[in-house]
Amino acid sequence: MRAVARIVAVADGSRGTRLTELRGEAPLLLRRTGPDGEPGEVQVHLVGGAAGPLGGDRLRIEIEVGAGALLCVRTVAASLALPGAGGGQSRLEVVARIGAGGRLRWLPEPLIGAARCDHLSRSVLELAEGAALVWREELVCGRHGEQVGDVRISTTVRYAGRTLLRNELAVGPRAPGWAGPAGLGGARVTGTLLRVDPTWTETGLPEAAPLGAYAARMPLVGGPAVLVTATGTDLAMVREVMRGELSAPDTAASVRR
C-alpha cells in the first residue's frame, strides 16, 4: 500500500492558526480535533484507516508549519508494525518544515514492533531560525510475550540550516547487541523527546541531568535544544519521564542563569 498525507498550517492573525491543506489517503487519514495547547494552536489527529504498517507499505506524511503558526499532531492509537504476506520492508517517512516563530508539537502514540516485522521510520525536520519544536518518539519492542522484529528509527533535524540532531535506533535480529549494555540494556520500551525553544538563546538551556535510573536530559550543540532519552520495562515508566519534561516550564530551576 502507498499513501501520502499532507498538513499545511498558517498563521491567521487574531484567529490564531488556520489549516490551508488537510488531506490523506488510507491508512493515513487526518482529522482536525480542536485546540489542545495554548490559544491559537490547531490540533490534528492521525486516524488509522487500515492495519499496519504492513510489510511492503510505503507511507509518507508531509507537514508545513508557516511562520507564526502553531500545530499539534497526535494519533488516536499506537502503530503496530506487522510483517506483510509477501514480505518486504514497511516504510514511514515524515517530512516537516517549520517557519520562524512557528511551532510543531509531534506527540503520537508509540510504535509497536511485532515479531517478524521489518520496518523503517525516517523523519527529516527543517526548522527556520526562531522556530520551535516538540518531537516525541516511542518504541515498544514486541507485543506481550513476543520478540520484536526488525525496526529502525532514523531522525534528522536541521535548525537554521545547520544539523542539530542525527539519531538512529535499530532493534531486532539484524541489530547485533541492541538489547545489551550498549543498547537498551534489556528494556522493552524506549523513548526520546526533543525540544527546540528559541527563547533558550536568552535564558540558557536546561542543564544536562539524570531523570531517574534509566533516563537523562542532554542539551544539544548547535541550537536551543535538549534531548531527553528514557528506557523502561513498560510504556508507563517511559511516559512518566516524558510527561514530566513536557509539563516542565521553560523557566524552571533547572535552567542555567
Side-chain angles (χ1 to χ4, degrees), residues 1-7 22-31 33 36 43-63 71-85 87-96 104-125 134-156 167-172 175 178 184 187-194 229-232 234-239 242-243 246:
M1 181 179 294
R2 294 178 180 270
V4 177
R6 182 167 171 81
I7 308 170
L22 186 68
R23 60 179 175 86
E25 304 168 319
L28 302 176
L29 304 180
L30 301 170
R31 299 291 184 269
T33 49
D36 178 62
Q43 179 175 252
V44 172
H45 269 78
L46 186 65
V47 181
L54 301 173
D57 285 356
R58 298 291 185 268
L59 310 177
R60 180 180 171 92
I61 301 173
E62 301 172 351
I63 302 173
L71 174 66
C72 178
V73 181
R74 298 180 182 270
T75 61
V76 297
S79 299
L80 179 61
L82 294 164
Q89 184 183 66
S90 57
R91 297 183 185 178
L92 170 63
E93 184 176 31
V94 182
V95 178
L104 170 63
R105 296 198 300 147
W106 173 265
L107 299 170
E109 295 304 303
L111 169 66
I112 303 171
R116 302 183 306 282
C117 75
D118 183 1
H119 180 71
L120 169 64
S121 179
R122 180 174 179 267
S123 303
V124 179
L125 317 176
V134 176
W135 189 268
R136 183 178 71 195
E137 293 180 311
E138 296 165 322
L139 172 64
V140 179
C141 297
R143 293 170 290 191
H144 179 71
E146 75 174 4
Q147 297 297 313
V148 66
D150 288 296
V151 179
R152 185 158 61 95
I153 300 175
S154 172
T155 307
T156 300
N167 189 47
E168 186 166 305
L169 170 69
V171 303
W178 71 270
L184 298 190
R188 287 182 53 83
V189 182
T190 183
T192 60
L193 176 68
L194 173 66
T229 61
T231 61
D234 55 40
L235 182 61
M237 185 175 177
V238 171
R239 272 286 169 94
M242 300 297 175
R243 191 178 301 114
L246 280 171

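Just so it is clear, the model here is predicted, and its values are computed rather than measured.
In this structure the side chain of Leu92 never reaches within 4.5 angstrom of the side chain of Arg122, judged on heavy atoms. Considering only heavy atoms from C-beta on, Leu111 stays 4.5 Å or farther from Val140 through its side chain. Residues Cys141 and Trp178 have side chains in contact (heavy-atom distance under 4.5 Å, counting atoms from C-beta outward). Residues Ser123 and Glu137 form a side-chain contact, since some pair of their non-hydrogen atoms from C-beta on lies under 4.5 Å apart. Taking 4.5 Å as the limit, some side-chain heavy atom of Gln43 sits within range of a side-chain heavy atom of Arg74. Using a 4.5 Å heavy-atom threshold, the side chains of Thr33 and Val44 count as separate. Looking at heavy atoms from C-beta onward, Val189 lies out of side-chain contact with Thr231 at the 4.5 angstrom threshold. Using a 4.5 Å heavy-atom cutoff, the side chains of Leu107 and Leu246 are in contact.
Every residue two or more places apart in sequence or in another chain that forms a side chain to side chain contact (heavy atoms under 4.5 Å, CB included) with Ala96 is listed here: Ile63, Leu104, Leu125. Checked against side-chain hydrogen bond (donor to acceptor under 3.5 Å, both in side chains), Thr192 has no partners two or more places apart in sequence or in another chain.
Summarising the geometry of His119 relative to Pro53, their closest heavy-atom pair is CE1-CG, 3.5 Å, with the distance given to 0.1 Å. Residues Ala5 and Leu28 share a closest heavy-atom pair of CB-CB, 3.8 Å. Residues Val151 and Cys117 share a closest heavy-atom pair of CG2-SG, 3.8 Å.
For the atom pair CG (Leu29) and CZ (Arg23), the distance works out to 13.0 Å, reported to the nearest 0.5 Å. Remark: Asp57 CG to Met1 CE distance equals 6.0 Å, nearest 0.5 Å. Put simply, CD1 on Ile61 and CH2 on Trp106 are 4.0 Å apart, with the number rounded to the nearest 0.5 Å.
Counting heavy-atom neighbours within 6.0 Å of Gln147 CD, excluding the residue itself, gives a total of 12 or less. For Arg60, the CZ atom sits in a packed shell: over 12 heavy atoms of surrounding residues, nucleotides or ligands are nearer than 6.0 Å.
Contact check on Arg239 versus Glu138 returns a salt bridge, with a Lys/Arg side-chain nitrogen under 4.0 Å from an Asp/Glu carboxylate oxygen.
Between the Arg136 side chain and the Pro108 main chain, a donor and an acceptor come within less than 3.5 Å of each other. The backbone N or O of Ala230 lies less than 3.5 Å from a partner atom in the side chain of Thr190, making a donor-acceptor pair. Formation of a donor-acceptor pair under 3.5 Å by the Arg116 side chain with backbone atoms of Leu82 is not found in this model.
A donor-acceptor contact closer than 3.5 angstrom is absent between the side chains of Glu109 and Thr75. In this model, no donor atom of one side chain and acceptor atom of the other lie less than 3.5 Å apart for Thr155 and Glu168.
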